Protein chains: 2
Amino acid sequence: MSEAPVLDLASLRRGCAHCSLQQLCLPAGIGAQDLQKLDDIVRRRRPVERGERLFRPGDALNAVYVARDGAFKTVSISEEGEEQVVGFHLPGELIGLDALGAGVHRCEAVALTTANVCEVPFDQLSFVASQLPSLQQQLLRIIGQSVGRDQDHLGILVRRQAGERIALFLHGLAERYRNIGQSATRFKLPMSRDDIAHYLGLALETVSRGFGKLQEDGVIEVVGRQVEIRDPVELNRLAHNAEHEEPRRRGRA
Amino acid sequence: MSEAPVLDLASLRRGCAHCSLQQLCLPAGIGAQDLQKLDDIVRRRRPVERGERLFRPGDALNAVYVARDGAFKTVSISEEGEEQVVGFHLPGELIGLDALGAGVHRCEAVALTTANVCEVPFDQLSFVASQLPSLQQQLLRIIGQSVGRDQDHLGILVRRQAGERIALFLHGLAERYRNIGQSATRFKLPMSRDDIAHYLGLALETVSRGFGKLQEDGVIEVVGRQVEIRDPVELNRLAHNAEHEEPRRRGRA
DNA sequence: CGGAACTTTGAAGTCAATCAAGTGCTGTGG
DNA sequence: CCACAGCACTTGATTGACTTCAAAGTTCCG
């Protein structure tokens, strides 16, 4: 009885209920049978240690991954060996889509903390999706959201100054923590200043100074990687309105 | 428009052979019947004039588009009204994927030149794809390639200096012209310096100076929007190796 | 406790943005 | 055909932001 599929299904459903796959299966109005098709192909992995990689550039696209807890970064390495942080992945966000185009990963996915991940073999996912149009559509949507996040990232990098980028980064991160049911005002950064710098296209010293200034201004409280957002409204203003518009208004008003 | 399907099919097939949809149907080993399913949903539009828009931010995702000739830019407009050029689209490159995530466009697509476009209603494409697994896979791949291009764009913007970005831009553009069977060494830029600047995250003056310097160094010949690449090897080196690493064409050559 | 990794802080230099003319193309009307 | 307006592009000078180099301070773990 303890091996009864009903129990397994129940536990999986509970598991997926607060991991990103909820977006893949639940809103599709999926039946128990169909859900099981999906559940059957999801694999668990032993915890991944900090610094371990899920895949490396050049690896074939075997699976996509979702962290159940912990965090990852995806890094693309230029021909000169310089690292560029392409994205951070919190629990529930899909990892591995970078290989969709060529069938081969462009980036490496590195664990920032010890983490538990679900692994979904891609060919099986693809096969199941072809049988379940609603799942296929969900898959497209998830991918589209990931594209949207990339575009947001672009928006952060283009013609924005350091303070603005940092505010935008913190703002976006808070939003994402809120989405996974964690505090949006108090959290521990899973990544180093260096990682943030490589994500924002800044020098790490600039990131450090930016944090310092935000603290000076009473917007955040930061000790090492522990962050508390004291003034979310002001943070939002800094992120969207640019800091140089208000404080000193010269001719252009 | 209901005309003789057979004739339409023939012309479309010829048409698709050198437009981006070739990537959608041809490699899938698609049969004549299946091809027709696809061809049936592709619509032509009257030529789009320079400055016209295919869609605007907030528009529902009705269709994806492919230019048969001409060029487009997709622009996302920040809350402060600043324009950010998200991408340029040459003939054969899909336009409109930005709405996949939310079902609503985030960007606007503006014609840079007069252009002919094919319009593929998205729900129909999605429906046909669900019936043709091979088409579905192709669709995923196309989307993945678009994600890859976005990541390349990211790579251009992060921590690269102006000269490098411009070289990278020209290099990438040449590559894409080559892919569509046009000269990779001599072409006319469809976009303004201002568009390029907004794409590269630079001021337009900086772009102009960058072009000037490349010309001074004998790498390119540029008159207005007409560009000739004189030294592709050097351009490639500038794009990937950074100009300040090695020969500072002053003292030690 | 000690060491390594990470973070903060300071000072100096550089690159690109900005402001400001000026030049050259394109098309239109006299 | 030329004059002229409008726009796109180029060029110059200045300023400010960020990087870089350097060093001290902190946190995290074994």
Side-chain angles (χ1 to χ4, degrees), chain A residues 49-51 73 82-83 85 110 112-114 156-167 169 188-216 220-227 238 242-245 247-248 250-252, chain B residues 49-51 73 82-85 112-114 156-169 188-216 220-227 238 242-245 248 250:
Chain A
E49 293 301 324
R50 180 176 188 223
K73 64 175 174 181
E82 299 206 359
E83 296 199 353
V85 174
V110 185
L112 294 168
T113 62
T114 303
I156 293 181
L157 291 173
V158 173
R159 295 274 270 155
R160 289 213 138 84
Q161 26 201 79
E164 219 173 328
R165 293 188 200 188
I166 291 165
F169 169 72
K188 184 170 182 183
L189 299 171
M191 72 293 279
S192 70
R193 299 286 188 275
D194 196 49
D195 288 333
I196 298 173
H198 279 92
Y199 179 76
L200 296 180
L202 298 169
L204 75 89
E205 294 95 326
T206 307
V207 173
S208 184
R209 280 185 247 268
F211 277 28
K213 181 157 187 307
L214 285 175
Q215 178 156 241
E216 247 177 54
I220 65 173
E221 196 70 42
V222 55
V223 181
R225 297 194 179 179
Q226 189 63 45
V227 171
L238 291 174
E243 55 218 287
H244 48 274
E245 297 215 357
R248 53 159 148 119
R250 279 199 308 213
R252 166 92 187 91
Chain B
E49 293 301 324
R50 179 176 189 222
K73 64 174 174 182
E82 299 205 358
E83 296 199 353
Q84 145 73 1
V85 175
L112 293 169
T113 63
T114 302
I156 292 180
L157 291 172
V158 172
R159 294 273 272 153
R160 289 213 138 83
Q161 26 201 74
E164 221 174 328
R165 294 187 201 189
I166 292 165
L168 231 19
F169 168 72
K188 185 169 183 184
L189 299 171
M191 71 294 279
S192 71
R193 299 285 189 275
D194 197 50
D195 288 333
I196 298 173
H198 279 93
Y199 178 75
L200 295 179
L202 298 170
L204 75 87
E205 296 95 326
T206 307
V207 173
S208 184
R209 279 185 248 268
F211 278 27
K213 181 158 187 305
L214 284 175
Q215 178 155 241
E216 245 178 54
I220 65 173
E221 197 71 43
V222 55
V223 181
R225 297 194 178 180
Q226 189 63 43
V227 172
L238 290 174
E243 55 217 289
H244 48 276
E245 296 215 356
R248 188 71 128 178
R250 251 198 309 249

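From a predicted model like this one, the values you see are computed outputs, not experimental measurements. The chains referred to below are lettered A, B, ... by the order of the sequence lines, with proteins before strands, and numbering in each begins at 1.
Of all the residues in residues 188-196 of chain B, not one reaches under 4.0 Å from DNA chain C with any non-hydrogen atom.
Distance Q161(A) CD to dG16(D) P: 13 Å, rounded to the nearest Å. Rounded to an integer number of Å, the gap from CZ of R165(B) to P of dA16(C) is 8 Å. As rounded to whole Å, 18 Å separates atom P of dC6(C) from atom CD of Q226(A). Atom CD1 of I166(B) and atom P of dT10(D) are 11 Å apart (whole Å). Following rounding to the nearest Å, E164(B) (CD) and dA16(C) (C1') show an atom-to-atom distance of 14 Å. Residue R160(B) contributes atom CZ, which lies 18 Å from atom C1' of dC18(D) at whole-angstrom precision. Atoms CZ (R225(B)) and P (dT26(C)) sit 10 Å apart, rounded to a whole Å. Atom NZ of K213(B) and atom C1' of dT10(D) are 17 Å apart (whole Å).
Looking at the side chain of E205(A), the nearest of the listed nucleotides dT11(D), dA16(C), dA22(D) is dA22(D). Out of dT7(C), dT20(D), dA17(D), the shortest distance to the side chain of S208(A) is found at dT7(C).
In plain terms, the two heavy atoms of V158(B) and H198(A) that are nearest each other are CG1-O, 4.0 Å.
Counting any heavy atom pair closer than 4.0 Å across all strands shown, G210(A) reaches no nucleic acid atom. Across all strands shown, L202(A) has heavy atoms under 4.0 Å from sugar-phosphate atoms exclusively, and none from any base. Across all strands, R209(A) comes closer than 4.0 Å to base atoms (heavy-atom distances). Heavy atoms of R159(A) sit under 4.0 angstrom from primed sugar atoms or phosphate atoms, though from no base atom.
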* Asked: When you look at L200(B) and T206(B), which way does the side chain to side chain contact (heavy atoms under 4.5 Å, CB included) test go after all the steps?
  -> CA-CA 10 Å; L200(B) 295 179; T206(B) 307; over 6 Å; no
* Start with the C-alpha distance between L189(A) and F211(A), add both sets of side-chain angles, then the distance that settles side chain to side chain contact (heavy atoms under 4.5 Å, CB included), and finish with yes or no. => CA-CA 12 Å; L189(A) 299 171; F211(A) 277 28; 3.7 Å; yes
* Asked: Is there a side chain to side chain contact (heavy atoms under 4.5 Å, CB included) between L214(A) and V222(A) once you walk through the steps?
  -> CA-CA 9 Å; L214(A) 285 175; V222(A) 55; over 6 Å; no
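Residue-environment remark: CZ (R50(B)) stays at or below the threshold of 12 foreign heavy atoms within 6.0 Å.
Looking at heavy atoms from C-beta onward, R225(A) lies out of side-chain contact with P190(A) at the 4.5 angstrom threshold.
In terms of modelled atom types and a separation under 3.5 Å, the side chain of R193(B) and the main chain of A203(B) share no donor-acceptor contact.
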